[in-house]
Number of protein chains: 2
Amino acid sequence: MAVTIKDVAKQANVSPATVSRVIADNPRISVKTKVKVREVMKELGYYPNFQARNLVAKNSRTLGVIMENSAALAFQNPFFPEVLRGISTRAHESQYGLYLSTGATQEEIYEEVIEMVQGRRVDGIVLLYSKIGDPVMEYLCQSGLPFAVVGRPYKNPCSVTYVDNDNINTAKETVEYLIGLGHRQIAFVGGATDFVVSLDRLEGYKQALNKHGILFDVAYTVNQEFMQGDKSEAIRRLMALELPPTAIVTHDDMVAYEVIGYLEDLKIQVPEDVSIIGFNNHMISKHLKPPLSTVDISIYDLGLHAAELVVEKITDASVPPKQVVVPSRLIERGSCRRL
Amino acid sequence: MAVTIKDVAKQANVSPATVSRVIADNPRISVKTKVKVREVMKELGYYPNFQARNLVAKNSRTLGVIMENSAALAFQNPFFPEVLRGISTRAHESQYGLYLSTGATQEEIYEEVIEMVQGRRVDGIVLLYSKIGDPVMEYLCQSGLPFAVVGRPYKNPCSVTYVDNDNINTAKETVEYLIGLGHRQIAFVGGATDFVVSLDRLEGYKQALNKHGILFDVAYTVNQEFMQGDKSEAIRRLMALELPPTAIVTHDDMVAYEVIGYLEDLKIQVPEDVSIIGFNNHMISKHLKPPLSTVDISIYDLGLHAAELVVEKITDASVPPKQVVVPSRLIERGSCRRL
DNA sequence: CTGAAAGCGCTTACAG
DNA sequence: CTGAAAGCGCTTACAG
């Protein structure tokens, strides 16, 4: 049997209440008593039982982290580990633990989140994605539990606390960079269309084209869901257009390299024939061939701020919803060329 | 205030004990009562409080997952997300939650683990690494809590439950594959030397050389710590040997590509001048140039089995320590050539 | 088949 | 400065 507060109390000749106060470092307890109790605690190897403590404290000092477990994609992508590292670091600073969702489908996740919240398993939640019509976010909103989203919510963004890049402008500037290099036929390979980040980047892409008098044409866009089918076929189709793209923006570095692979199959060289640009600045991208121009979106900071916001909200329920914009920046390397 | 068992009891005109039994689906409760109580639970939106339930049940239905958060490396590497996906899947099947360590240093992790265990936060633990002289594993051993390690323990492996590849033989076969292609000068770029996996693979490397009458020479080995210094310099030195390697085995695909990058800086081509082989079969490796020959170590299965073993041990404390060997296989692609 | 009571290990007003 | 008592929300022998 584990040693409890009673064992310590008995051994130290004080009441359990006093031991509890020593643990909480209550200033009304004499230094002498504290020293003695702490000695006994060490001697017996006492550690507080979290379940008991949390039950009465009505908190858990735990943050729930909600992510999708389904797609191998979600995991292979460096986004998840890096954002988690940011969350983890910030949580550890404030002595919060991390509880991870394990569900694979949207339904499983939904059920899990409700259990976490209603079951008082977590004090707050970091939602690692923002998608359209997501019941999880809706539930979270009406639950009243502190939470922060990594990514802009689709509906009423002002009432939700979130961290995001300015994806619209980032995408816009990225496309304008290519336009500045003389490109006019620019393709866009985006992520799944139910993610807000995909919509935002597509919007930025459109805005850039529009600003420079280039007509938007869906034929130049490829989305992730489509790519789940036959990716190489999607690229083949793209390059078979009457005016094939001279530049391609992709939503992730690894996807960029995959596209480069398909282009090579078609004897199309990067950057000689086609320029390409990625997102996320994967650690390896600068070492690969060609070194990839990419947008660094500061994934670690996204996680750090999300955790920060949740902890703040837990600590002080009266803070209004906040939105943090994490800067992103274009890193020029060798995968784009001037026309 | 959240709705409790008492609220349900009152509304359903039964005692709290009965409600509790309905939750547990106790067969001694009449169907009629069950139906009524369940109705009320749904009506009031009742969810059990985990803290309370766990306190009396003396378990938490939670698995602790211990990993290192320090190195950006640990996270960028696809190993972590993929092994977590395996763990997550298996845990979810048995309705276990996942609690993640957040510590960055070995000391922080050590403290966290003790708190998790003594504080009854978790019912079992998956340790995601095995390193020499790790106080965490020693503590876990003597704690009596069910745990499983991903990776062979350095000391008394027979008394610890773990999952691993047969790293010695895998490395041996990998090197023999290169020897079979006519290579004699084979370099080895391994991970940090305090990880058992690194030792094992180095051992396999040595065994292969020895078996084929090739003298082992440390000059042909580069370890990760060394590489933390100046990686490109390490490769330069390697290639400046009197008999430079004609083949290089690296412990990770991404490291392999980084090495390839440094080789290219030296105007050395892969596979024309040097053959190279990776580990982990990163999703992107088949798309990159050159397509990388690599050892697929079934990371997902490593996680799946580790979780399986812990759950089994939790369910039945009497099961003896088990060791599961997950198969790995060499995937031949275009980065090696016959001499 | 169901209820009253005790208890899991802790915290926190309330007294003194 | 410290203790006795009540209670957090649940479960589980023990009765009946």
Checklist entry - Within the structure shown, what part of the strands sits under 4.0 Å from A/F50 by heavy-atom distance: base, sugar-phosphate, or nothing? => result nothing
Checklist outcome for this item: From CG of B/N59 across to P of D/dC10 the rounded distance in Å is 15 Å
Next on the checklist: Does D/dG9 have OP1 or OP2 under 4.0 Å away from a side-chain N or O of B/T4?
Outcome noted: no
Item to check | Pair B/K322 + B/E308, salt bridge at N-O below 4.0 Å | outcome: no
Checklist entry - Side chains of B/E115 and A/F50: does their closest heavy-atom pair fall under 4.5 Å? => result yes
Item to check | Pairing string, 5' to 3', for DNA chain D - Watson-Crick or wobble contacts under 3.5 Å, brackets [ ] where pairs cross, | to another strand | outcome: |||.||||||||.|||
Checklist entry - So with a 6.0 Å cut-off around NZ of A/K36, is the heavy-atom count from everything else above 12? => result yes
Checklist outcome for this item: Among C/dG3, C/dT12, D/dC10, the one nearest any side-chain atom of B/R21 is C/dG3
Item to check | Touch class at under 4.0 angstrom, heavy-atom based, for B/S20 against every strand present | outcome: base
Checklist entry - Charged N to carboxylate O under 4.0 angstrom, B/R85 versus B/E82? => result yes
Item to check | Below 4.0 Å: OP1/OP2 of D/dC1 and any side-chain N or O of A/T18 | outcome: no
Item to check | Salt bridge B/E93-B/R90, side-chain N to carboxylate O under 4.0 Å | outcome: yes
Checklist entry - Which part of the nucleic acid does B/A17 contact within heavy-atom distance under 4.0 Å: base, sugar-phosphate only, or nothing? => result base
Item to check | Length of the line joining A/D7:CG and C/dC8:P, which is rounded to integer Å | outcome: 11 Å
Item to check | Contacts of type side-chain contact (heavy atoms from CB on, under 4.5 Å), residue A/T315, not counting sequence neighbours | outcome: A/V311
Next on the checklist: Please tell me if B/Y47 has a side-chain N or O lying less than 4.0 Å from either OP1 or OP2 of D/dC10.
Outcome noted: no
Checklist outcome for this item: Rounded to whole Å, the NZ-P distance (B/K10 to C/dG3) equals 15 Å
Next on the checklist: Whether A/K131 and A/D194 form a salt bridge (side-chain N of Lys/Arg under 4.0 Å from carboxylate O of Asp/Glu) is what I want to check.
Outcome noted: yes
Item to check | Earlier contact from the 5' end, DNA chain D, for B/R53 and A/P16 | outcome: A/P16
Item to check | Between D/dC10 (P) and B/I5 (CD1): distance, integer Å | outcome: 5 Å
Next on the checklist: Nearest whole Å is fine: how far is D/dG9 P from A/R121 CZ?
Outcome noted: 17 Å
Item to check | B/N49 CG - C/dC10 C1' separation (whole Å) | outcome: 14 Å
Checklist entry - Can you check the B/N26 CG to C/dG3 P distance for me, whole Å? => result 13 Å
Checklist entry - Among pairs that include at least one residue of residues 18-35 of chain A, which meet salt bridge (charged side-chain N to carboxylate O under 4.0 Å, His left out), considering only residues two or more places apart or in two chains? => result A/D25-A/K34, A/D25-A/R38
Item to check | Side-chain N or O of B/K58 closer than 4.0 Å to phosphate OP1/OP2 of C/dG9 | outcome: yes
Next on the checklist: Is there a side-chain contact between A/T33 and the phosphate of D/dC1, meaning an N or O under 4.0 Å from OP1 or OP2?
Outcome noted: no
Checklist entry - Nearest to the side chain of A/V14 - D/dC8, D/dG3, D/dA13? => result D/dG3
Next on the checklist: Can you measure A/R120 atom CZ to D/dG9 atom C1' for me and round it to whole angstrom units?
Outcome noted: 12 Å
Checklist entry - Between B/L55 and B/R28, which has a closest nucleotide on DNA chain C that is more 5'? => result B/R28
